[in-house]
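In what follows, a single structure is set out as structure tokens and then discussed.
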Amino acid sequence: MSSNQAVNTYSAFGAKGLKQTLETAKAHVKQLYLSDEIPWVIGYSGGKDSTAILQLIWYALIDLKAEGKCHKDVHVISTDTLVENPFVAMWVEKSLERMKETTAKQGLPIIPHRLTPAVKDRFWVNLIGKGYPAPRYKFRWCTDRLKISPSNTFIQNLANKNGEAILVLGTRKAESTARAASMDRFESSTTNTRKALGLTENGSLERVWVYTPIADWTNDDVWVYLNSVPNPWNFPNQDLMGMYQGATEGGECPLVVDKSTQSCGDSRFGCYVCTMVSEDKSMTAMIANDDEKDWMLPLLALRNEIDVNDANRDKKLDKLRRDKARRDFRRMNGTLTVHISKHGADIVPGPYIQSFRQELLQKVLEAQVAVQQMGPPEVENLELLPLEELEEIRRIWLEEKLEVEDSLPAIYEKVIKKPYPGEKRAYHPVLNKTVLDKLKSYCTEHNDGDGLMYQQVRAVMAIANKHKHQLRRANLAAELDDSLEKGAFSSLEEAKIFALERKRHELQIQYENSPNFSDEEKANMAEQITIITRSIKEKGYSSLLIETEVVSDDI
């Protein structure tokens with residue numbers, strides 16, 4: 001192709017033009033809306049795609065209102081994980097407020113909802129409270145709890161109440177090859193009885209149909225539409241484009257003319273704590289492009305504190321070593337799990353230990369203070385850890401982990417410089433800081449370098465105290481047995497040797513007493529036995545530094 005030859009790119013507006021294409025799309029929205037009594041739910045993130053579909057449907061409802069045919073509700077749901085990029089979260093919150101004001105004036109049956117995760121499912125409650133390690137590829141515990149559960153609960157409840165529901169999404173085939181394949185698969189499903197109406201099945205929700213009105217639009221089509229048609233709830237789309245522009249490296253937001261040109265439509269806004277990516281490029285770009293957004297730097301620092309990803313191998317190994325040092329060698333239930341690879345064998349680390357959870361609590365509160373002081377008036381009351389989350393973390397530490405020092409209020413008061421506003425706890429003659437500090441000193445003097453003896457005695461005292469006023473103490477013996485079994489080791493080294501020798505013994509029994517194994521399987525067992533034997537001799541955690549491959553809540 002010559003350099004002056006026009007570059008042909010696909011556009012959903014190419015055949016009929018923008019105006020006629022939008023009229024056709026709006027007509028389909030109206031037809032589908034009038035075809036039944038099934039309520040609609042629009043997934044709204046505040047981004048370009050969800051803004052486009054909501055805008056398209058909003059204008060269709062304005063027409064139907066004029067015709068006296070607006071007969072059923074359209075719910076707009078936006079899920080706030082409470083660890084969102086605060087700039088984007090404020091944008092969405094203001095947008096929802098403007099929607100409520102405008103629908104009241106226009107008399108439209110559009111009902112905005114801001115959804116949040118249950119307190120027990122929130123990010124810091126699980127990470128600081130329970131000690132869940134930062135999410136990673138083999139343990140992505142955050143998505144279901146923070147994003148999927150709140151929205152799915154709302155949608156399923158609506159479907160249960162009304163028999164069915166229609167979920168309207170801004171997903172587009174141009175987003176990725178995988179997205180296109182997934183959408184095509186649902187469209188061509190033989191069990192899709194609503195295909196003629198332009199609906200597809202939902203893969204996870206019963207009696208919920210999916211409508212994707214801009215499925216065939218490109219990034220540029222979305223921006224052309226948003227910049228050509230005014231926002232119907234009076235929230236400027238030009239500002240939305242500016243937000244995407246600010247989140248793109250270099251601050252440029254061009255329209256794509258060929259495959260080598262990157263669109264700002266590729267910007268991705270997400271949680272400021274997200275460790276599923278190697279770098280939070282959108283927040284980093286926002287800060288780089290606008291000096292007035294420097295107040296978000298403490299949030300980036302929090303993410304980097306728990307991140308274990310890095311393109312540089314040596315740096316990643318350093319992060320993994322740091323991560324392992326912050327983790328208990330036992331799983332949440334006290335068991336030991338062995339992982340074997342061709343490089344070595346090791347026990348898989350479990351939840352974050354008490355000292356790191358306390359340290360991280362302090363750093364989150366310090367970041368909260370810094371953001372409030374450095375940021376604009378809109379964030380002067382921003383709470384990264386609201387009281388309900390602090391109280392749940394405190395409950396987990398006290399009741400589930402038996403960390404009876406009750407250190408959370410003191411950490412809060414040290415950072416916030418105010419009395420802790422949570423529940424007052426009665427002074428205990430034995431389980432108080434003075435006595436526990438003496439116990440810790442005594443254990444340290446008797447070679448308790450890892451603090452395991454102290455944890456064991458503290459746990460037994462806490463369990464006994466919990467049951468002392470109960471008439472029936474049926475669970476006392478079982479709880480004490482569990483605690484003693486969990487604290488059976490005096491050091492990491494002892495636990496590692498025990499777990500690896502036990503695994504080696506199991507493999508040797510299988511190797512010697514399983515005649516049905518193939519030669520290849522027996523050779524593999526022999527290799528694993530050799531690897532374990534070598535790894536037993538290594539001190540501390542093995543030189544094998546792997547990411548924990550946990551696939552359940554039982555870390």
Side-chain angles (χ1 to χ4, degrees), residues 41-59 61-62 74-117 122 146-147 150-151 154 168-170 222-223 225-227 229-248 253 264-265 267-273 280 282-283 285-287 289-296 299 368 371-384 386:
V41 179
I42 301 176
Y44 177 74
S45 67
K48 67 184 192 310
D49 297 331
S50 60
T51 299
I53 60 166
L54 178 54
Q55 183 166 300
L56 188 66
I57 291 169
W58 196 298
Y59 276 112
L61 293 182
I62 289 176
V74 173
H75 299 273
V76 179
I77 62 171
S78 180
T79 302
D80 185 350
T81 64
L82 302 178
V83 282
E84 299 287 335
N85 178 316
F87 187 75
V88 178
M90 289 188 293
W91 168 276
V92 174
E93 187 174 0
K94 290 178 182 178
S95 183
L96 293 174
E97 292 173 359
R98 189 68 60 83
M99 288 179 204
K100 292 177 182 178
E101 296 170 0
T102 307
T103 53
K105 293 177 182 178
Q106 297 177 351
L108 297 175
I110 297 175
I111 308 171
H113 304 267
R114 176 179 172 268
L115 309 179
T116 57
R122 294 181 186 175
L146 302 184
K147 290 182 177 291
S151 56
F154 181 94
V168 189
L169 298 174
V222 175
W223 285 121
Y225 171 57
L226 293 178
N227 283 294
V229 179
N231 182 290
W233 59 93
N234 300 317
F235 213 61
N237 290 336
Q238 288 73 21
D239 289 355
L240 175 62
M241 191 169 189
M243 185 167 65
Y244 272 83
Q245 179 180 356
T248 305
C253 194
C264 67
S267 299
R268 287 292 181 268
F269 303 111
C271 303
Y272 66 81
V273 289
D280 188 340
S282 64
M283 182 179 281
M286 279 186 173
I287 296 170
N289 293 332
D290 187 349
D291 291 340
E292 294 184 0
K293 293 189 176 66
D294 283 352
W295 57 269
M296 292 196 291
L299 304 182
Q368 175 178 299
V371 167
Q372 291 175 348
Q373 293 176 348
M374 296 166 56
E378 293 88 345
V379 297
E380 64 183 2
N381 295 315
L382 176 68
E383 291 183 313
L384 303 183

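Atom-to-atom distance recorded for N85:CG and L299:CG is 8.0 Å, nearest 0.5 angstrom. Atom CG of L54 is separated from atom CG of D49 by 12.5 Å, given to the nearest 0.5 angstrom. Between atom CG of residue L226 and atom CD of residue Q238 there is a gap of 9.0 Å, rounded to the nearest 0.5 Å.
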For residues 101-111, which side-chain N or O atoms pair as donor and acceptor with protein atoms under 3.5 Å away, sequence neighbours left out?
unit_1 : atom_1 : unit_2 : atom_2 : d
T102   : OG1    : R98    : O      : 2.8
T103   : OG1    : M99    : O      : 2.9
T103   : OG1    : K100   : O      : 3.1
Q106   : OE1    : W58    : NE1    : 2.9

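Although no hydrogens or angles enter the test, the distance criterion places no donor-acceptor pair under 3.5 Å between the side chain of N237 and the main chain of N227. Side-chain N or O atoms of Q368 include one that pairs as donor or acceptor with a backbone N or O of L384 at under 3.5 Å.
Contact detail for Q55 and P232: the closest heavy-atom pair is CG-CD, 3.4 Å. Taking both residues in full, the closest heavy atoms of I77 and S151 are given as CD1-CB, 4.0 Å, listed atom of the first, atom of the second, then distance. Minimum interatomic distance between F154 and L115 (heavy atoms only, all atoms of both residues): CB-CD1, 3.9 Å. Listed here is the closest heavy atom pair of S50 and S45: OG-N, 3.1 Å. Contact between K147 and T79 at its shortest, heavy atoms only, is O-CG2, 3.9 Å. Residues V92 and S78 come closest through the heavy atom pair CG1-OG, 3.2 Å.
A salt bridge does not link R114 with E97: none of the charged nitrogens is closer than 4.0 Å to a carboxylate oxygen.
Side-chain contact between E84 and T81 is present, with at least one heavy-atom pair separated by less than 4.5 Å. M286 is listed as a side-chain neighbour of F87, based on a closest heavy-atom distance under 4.5 Å. The side-chain heavy atoms of V74 and V41, taken from C-beta on, include no pair separated by under 4.5 Å. Residues N381 and Q372 form no side-chain contact, since every pair of their non-hydrogen atoms from C-beta on lies 4.5 Å or further apart. A heavy-atom distance below 4.5 Å is found between the side chains of Y59 and V229. The shortest distance between side-chain heavy atoms of R122 and T116 falls below 4.5 Å. Between L240 and F235, the closest side-chain pair of non-hydrogen atoms is not below 4.5 Å.
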For this session: Check the pair Q373, W295 against side chain to side chain contact (heavy atoms under 4.5 Å, CB included), reporting the backbone distance first and the verdict last.
Result: CA-CA 8 Å; Q373 293 176 348; W295 57 269; over 6 Å; no
For this session: Kindly determine whether L146 and V83 satisfy side chain to side chain contact (heavy atoms under 4.5 Å, CB included), including the steps that lead there.
Result: CA-CA 9 Å; L146 302 184; V83 282; 4.1 Å; yes
Exercise. So Y272 and M296, side chain to side chain contact (heavy atoms under 4.5 Å, CB included) or not? Walk me through it.
Worked result: CA-CA 9 Å; Y272 66 81; M296 292 196 291; over 6 Å; no
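Annotation: side chain to side chain donor-acceptor pair (under 3.5 Å) contacts of Y44 (sequence neighbours excluded): S95.
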